[in-house]
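A short write-up of the structure that comes next.
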Amino acid sequence: MCGILGLVAQTPVNQLLYDGLLVLQHRGQDAAGIVTAQDNTFHMHKASGLVRDVFRTRNMRALLGNMGIGHVRYPTAGSGESPSEAQPFYVNSPFGIVLGHNGNLTNAAQLNEELFREDLRHVNTNSDSEVLLNVLAHELQRSTKNHQLDTAAIFAAVSGVHRRCRGAYAVVAMIAGYGLLAFRDPYGIRPLVFGCAETEHGMDYLVGSESVALDTLGFKLIRDVAPGEAIFIDESGNFYNKQCADNPTHNPCIFEYVYMARPDSVMDGISVYETRLNMGESLADKISSTMRHLDIDVVIPIPDSSRPSALQLANRLGVSFREGFVKNRYIGRTFIMPGQQQRRKSVRQKLNAMSVEFRGKNVLLVDDSIVRGTTSREIVQMAQEAGAHKVYFASAAPPVRFPNVYGIDMPTHQELIATGRNEDEICREIGADHLVYQDIDSLIKDVCQVNPSITHYETSCFDGHYITGDVTPEYLALLEAQRHGGVPMNRARSSTQLDLNLVAAD
Ligand SMILES: O=P(O)(O)OC[C@H]1O[C@H](OP(=O)(O)OP(=O)(O)O)[C@H](O)[C@@H]1O
Ligand SMILES: NC(=O)CC[C@H](N)C(=O)O
Ligand SMILES: [Mg+2]
């Protein structure tokens with residue numbers, strides 16, 4: 001779940017893109033990049049690190065032009081440590097094209113092979129996003145007639161991408177000398193919104209992962225990019241759109257509402273904040289109907305993401321809500337950090353318990369989710385060390401029992417605390433006196449309630465149902481093997497290279 005931005009304006013875009021990426025930082029902390037376009041020339045700067053560390057004044061000055069795209073990365077493919085996998089990516093044929101991607105392709109290895117063998121394109125990193133860019137470039141080449149690129153050719157190329165790419169993708173791209181393209185996969189798994197701002201010089205357009213970027217940059221939300229739809233804004237600010245998929249359906253990732261997105265965002269017509277309030281209410285109802293014996297003195301949220309749910313849960317139960325943990329505002333989100341060691345250390349650095357809220361009390365700690373159990377294990381222990389009498393734990397999401405392959409970096413069963421454990425065993429593992437999870441039906445209802453027109457969600461990490469239909473047990477086993485030291489998923493190409501060597505030897 002990276003953050004992406006695309007902007008076509010009447011004035012220079014570098015500062016707005018920088019500010020927008022800062023607002024989307026919660027979607028990716030590993031790398032950041034901006035590309036601007038000026039008179040057919042792209043200006044790019046990208047590197048590993050947080051937005052504030054990647055861009056120095058000299059980099060910003062060099063990002064010239066009135067059109068640009070930006071990206072913050074939370075890796076799901078490749079090493080994650082390699083600066084060469086930072087986005088956006090660039091290709092120089094058939095046009096200058098740059099691309100930023102949020103999501104994950106499930107057939108990247110096969111596409112990589114096809115690109116190499118049939119399309120004669122070389123992908124130089126382990127990133128599925130570079131594969132996606134090359135597929136788009138190849139499809140643009142196919143759809144361009146007589147060297148003339150028009151909107152029909154651009155939309156035909158997006159249809160080609162839909163036919164070839166599997167998995168999740170929300171994309172912003174720029175074609176040098178033409179304009180800004182944005183599109184979303186036919187299942188609408190990852191979010192993408194766009195809006196406009198009327199200025200004295202004309203209309204500016206902004207596309208982004210979350211509406212919060214539009215709010216803070218002064219843009220008015222127009223709507224979401226529909227699943228399968230592509231929008232194109234040319235350099236003069238003319239807007240075009242087309243449904244490019246044959247059978248689009250709408251299945252937003254439910255984990256965006258649980259954890260990923262900022263609460264002040266509205267995506268797919270759904271206020272993230274409202275869904276989290278609803279999750280708190282239904283969790284409170286479950287607690288009061290199934291566990292009356294619990295004597296809860298105080299409800300304490302685990303900052304930050306669980307706050308709205310915990311507050312509403314406390315209100316509904318009629319129990320006082322207290323901030324028992326203080327968060328160090330300079331430490332980022334721990335779940336999206338690379339490596340378990342760094343994540344574990346960061347929980348302690350990030351949160352500190354105030355014993356006055358714990359001493360001698362039965363506390364109910366509320367978190368939005370328990371994934372690897374890194375946070376809950378540490379937090380329960382901290383509550384106990386702070387003198388709590390009993391430590392109860394509630395998760396506003398159901399147990400995460402299945403890998404995610406659509407843009408959230410939890411690709412293996414092995415890393416999930418719920419694997420091979422029932423709820424009592426998970427409770428023992430995190431050291432709590434009692435553990436309660438949200439039910440999946442309640443979670444879906446909590447989100448549906450905010451926008452009843454969307455009835456299906458991508459819920460694979462909770463129920464193991466993979467909407468794209470291509471995620472087999474073999475694929476998951478391969479992912480697991482890759483994570484534990486095997487061949488990267490996008491690099492299953494040794495046979496091709498062998499063939500080439502043989503040809504050369506002949
Ligand atoms: O079981 P785990 O593997 O620990 O993952 C779940 C935890 O990670 C996230 O917090 P994070 O610190 O990333 O972000 P937040 O500040 O937005 O809550 C999430 O809110 C949970 O607290
Ligand atoms: N989380 C994401 O959206 C990741 C995008 C892309 N798959 C990458 O690894 O860079
Ligand atoms: Mg958290």
Side-chain angles (χ1 to χ4, degrees), residues 1-4 24-31 33 46 71-80 82 84-89 99-106 108 125-133 165 167-171 189-191 209 253 255-256 258-263 276 301-310 325 327-329 331-338 340 343-344 346-347 349-351 365-380 393 395-397 399-400 404-411 415-418 426 429-430 461 488-490:
M1 61 130 207
C2 304
I4 56 175
L24 295 180
Q25 187 76 82
H26 63 283
R27 297 185 68 85
Q29 302 170 165
D30 276 43
K46 61 177 184 173
H71 191 271
V72 283
R73 181 170 190 233
Y74 161 56
T76 58
S79 73
S82 167
S84 61
E85 286 167 4
Q87 300 193 36
F89 280 103
L99 175 142
H101 166 216
N102 172 207
N104 192 59
L105 300 188
T106 48
T125 67
N126 293 324
S127 167
D128 59 324
S129 309
E130 194 185 1
V131 170
L132 177 56
L133 169 59
C165 295
Y169 46 95
V171 170
I189 297 173
R190 302 256 69 94
S209 299
C253 168
F255 210 67
E256 290 279 350
V258 168
Y259 164 70
M260 293 303 181
R262 262 177 57 154
R276 291 186 188 165
I302 298 172
D304 259 325
S305 295
S306 71
R307 275 203 176 107
S309 300
F325 294 102
K327 186 188 149 203
N328 179 340
R329 69 185 71 205
I331 305 278
R333 296 183 111 184
T334 43
F335 176 73
I336 63 171
M337 285 175 181
Q340 187 58 6
R343 287 191 285 262
R344 195 174 308 133
S346 296
V347 174
Q349 285 180 331
K350 178 171 158 173
L351 298 169
L365 306 181
V366 179
D367 209 347
D368 52 84
S369 57
I370 303 172
V371 183
R372 300 183 181 92
T374 323
T375 309
S376 42
R377 281 189 185 103
E378 294 291 333
I379 287 289
V380 168
F393 203 101
S395 163
V400 174
N404 185 291
V405 295
Y406 297 131
I408 302 165
D409 186 44
M410 41 189 191
E415 69 199 90
L416 306 174
I417 193 174
I426 300 169
E429 185 63 28
I430 65 172
C461 63
M489 285 301 277
N490 302 348

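Every number for a ligand or one of its atoms is a count from 1 in the order of the listing.
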Does Arg276 form a salt bridge (charged side-chain N to carboxylate O under 4.0 Å, His left out) with Asp368? I'd like the steps, not just the answer. CA-CA 8 Å; Arg276 291 186 188 165; Asp368 52 84; over 6 Å; no
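Only one option out of Arg262, His26, Arg333 pairs with Ser305 in a side chain to side chain donor-acceptor pair (under 3.5 Å); it is Arg333.
Ring planes of Tyr259 and Phe335: perpendicular class, angle over 60° (limits at 30 and 60°).
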At less than 3.5 Å, what protein N or O atoms come close to the N or O atoms of ligand 1? Include the distances to 0.1 Å.
from     : atom 1 : to     : atom 2 : distance (Å)
ligand 1 : 1 (O)  : Val371 : N      : 2.7
ligand 1 : 1 (O)  : Arg372 : N      : 3.2
ligand 1 : 1 (O)  : Gly373 : N      : 2.8
ligand 1 : 3 (O)  : Arg372 : N      : 2.8
ligand 1 : 4 (O)  : Thr374 : N      : 3.4
ligand 1 : 4 (O)  : Thr375 : N      : 2.8
ligand 1 : 4 (O)  : Thr375 : OG1    : 2.6
ligand 1 : 12 (O) : Thr334 : N      : 3.1
ligand 1 : 12 (O) : Thr334 : OG1    : 2.6
ligand 1 : 12 (O) : Lys350 : NZ     : 2.5
ligand 1 : 13 (O) : Tyr259 : OH     : 2.7
ligand 1 : 13 (O) : Thr334 : N      : 3.1
ligand 1 : 13 (O) : Phe335 : N      : 2.8
ligand 1 : 16 (O) : Asp304 : N      : 3.1
ligand 1 : 16 (O) : Lys350 : NZ     : 2.8
ligand 1 : 17 (O) : Ser305 : OG     : 2.5
ligand 1 : 17 (O) : Arg333 : NE     : 3.0
ligand 1 : 17 (O) : Arg333 : NH2    : 3.2
ligand 1 : 18 (O) : Asp304 : N      : 3.1
ligand 1 : 18 (O) : Ser305 : N      : 3.1
ligand 1 : 18 (O) : Ser305 : OG     : 3.4
ligand 1 : 20 (O) : Asp368 : OD1    : 3.2
ligand 1 : 20 (O) : Asp368 : OD2    : 2.4
ligand 1 : 22 (O) : Asp367 : OD1    : 3.1
ligand 1 : 22 (O) : Asp367 : OD2    : 2.5

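Looking only at atom types and distance, the side chain of Gln87 has a donor-acceptor partner in the side chain of Ser129 under 3.5 Å away. For Arg343 and Thr375, the side-chain atoms include no donor-acceptor pair closer than 3.5 Å. A donor-acceptor contact closer than 3.5 angstrom links the side chains of Thr76 and Asn104.
The cationic atom of Lys350 (NZ for Lys, CZ for Arg) does not lie both less than 6.0 Å from the six-membered ring centre of Phe325 and within 45° of the ring axis.
Side-chain atoms of Arg190 come within 3.5 Å of backbone N or O of Tyr406 as a donor-acceptor pair. The closest donor-acceptor contact from the side chain of Ser82 to the backbone of Ser84 lies under 3.5 Å.
Enumerated by chain and number, the residues approaching ligand 2 to less than 4.0 Å through a heavy atom are Met1, Cys2, Arg73, Tyr74, Pro75, Thr76, Ala77, Gln87, His101, Asn102, Gly103, Asn104, Asp128, Ser129, Gly407.
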